[in-house]
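Taking it in order: structure first as structure tokens, then the write-up.
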Amino acid sequence: MMKDCLFCKIAKKEIPSDIVYEDEDFISFKDINPIAPLHLLIVPKKHIPSINHLTPEDKELIGRLFLVAKKIAKEQGVAERGYRLIFNVGKEGGQAIEHLHLHLLGGKTLSWSKY
Ligand code: 5GP
Ligand code: ZN
């Protein structure tokens, strides 16, 4: 738990969010500024700032993060239609919140630009 971290606060329910899934190690909630009909954030409760900060110790947690993503996709009805999972990393990667989170986007045909 990092004192001034927004997603640590959301994980501890100190800040409200629209929660769609929770277990001992993860919480998933709706993005406040959705860019697709379904836009969820899947967040490990452990404060890891970004993918750049992962250590071998996090191996199992990150594996389970994908299993949680798969489960949520199914529960939310997008598993068969398709969806997209994204990690933004650092400044040029568009990461605004420095607590690792996986974006789950779906509910429409997602475009893929050349950037
Ligand atoms: P990033 O740009 O760091 O990959 O993604 C951060 C995401 O968090 C953004 O899509 C943004 O809309 C979302 N976000 C920022 N603040 C809040 C908040 O207070 N509540 C929720 N539910 N989402 C937030
Ligand atoms: Zn945090």
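Note that ligands are numbered from 1 as they come in the structure, with each ligand's atoms numbered from 1 the same way. Position 1 is the first residue of the sequence, and the numbers go up from there.
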Pick one of side chain, backbone, both or neither for how [X] approaches ligand 1, counting any non-hydrogen atom pair under 4.0 Å.
{"X": "L6", "answer": "side chain"}
{"X": "F7", "answer": "side chain"}
{"X": "N88", "answer": "side chain"}
{"X": "D18", "answer": "neither"}
{"X": "H103", "answer": "side chain"}

Any N/O of [X] closer than 3.5 Å to an N/O of ligand 1?
{"X": "S17", "answer": "no"}
{"X": "I97", "answer": "yes"}
{"X": "A96", "answer": "yes"}
{"X": "Q95", "answer": "no"}
{"X": "K30", "answer": "yes"}

Seminar exercise, completed: atom 9 (C) of ligand 1: closest protein heavy atom, distance to 0.1 Å, is D31 OD2, 3.3 Å

Seminar exercise, completed: for atom 2 (O) of ligand 1, nearest protein heavy atom and its distance come out as G94 O, 2.8 Å

Exercise. Going by an N to O cut-off under 4.0 Å, is there a salt bridge joining R64 and D25?
Worked result: yes

For this session: Decide, yes or no, whether a salt bridge links K3 with E14 under the criterion of side-chain N to carboxylate O below 4.0 Å.
Result: no

Seminar exercise, completed: dist I42:CD1 -> L85:CG (nearest 0.5 Å) comes out at 6.5 Å

For this session: Could you check which N/O/S atom of H99 is closest to the Zn ion (ligand 2)?
Result: ND1

For this session: Looking at H47, pick out the N, O or S atom nearest to the Zn ion (ligand 2) and give its name.
Result: ND1

[atom1] of [X]: more than 12 outside heavy atoms within 6.0 angstrom?
{"X": "E98", "atom1": "CD", "result": "no"}
{"X": "K71", "atom1": "NZ", "result": "no"}
{"X": "R81", "atom1": "CZ", "result": "no"}

Problem set entry | Non-hydrogen side-chain atoms of I72 and V78 separated by less than 4.5 Å | no

Seminar exercise, completed: C8 SG to C5 SG via the Zn ion (ligand 2), rounded to 10°, gives 120°

For this session: May I ask which of I32, L40, L100, I19 has a heavy atom nearer to atom 21 (C) of ligand 1 than the others do?
Result: I32

For this session: Return yes if some donor-acceptor pair links the side-chain N/O of K46 with the main-chain N/O of L61 below 3.5 Å, else return no.
Result: no

Problem set entry | Closest non-hydrogen atom pair, H39 against P34 | ND1-CA, 3.5 Å

Exercise. When the ring centroid of H103 is compared with that of H101, is the distance short of 6.0 Å?
Worked result: yes

Exercise. Under the side chain to side chain contact (heavy atoms under 4.5 Å, CB included) criterion, do F29 and E22 qualify, and how do the steps go?
Worked result: CA-CA 9 Å; F29 50 89; E22 184 173 15; over 6 Å; no

Exercise. Which of the atoms in ligand 1, numbered in the order shown and given with their element, are less than 4.0 Å from a heavy-atom of N33?
Worked result: 12 (O)

Exercise. Relative to the heavy atoms of H101, which atoms of ligand 1 are at a distance of less than 4.0 Å?
Worked result: 1 (P), 3 (O), 4 (O), 5 (O), 6 (C)

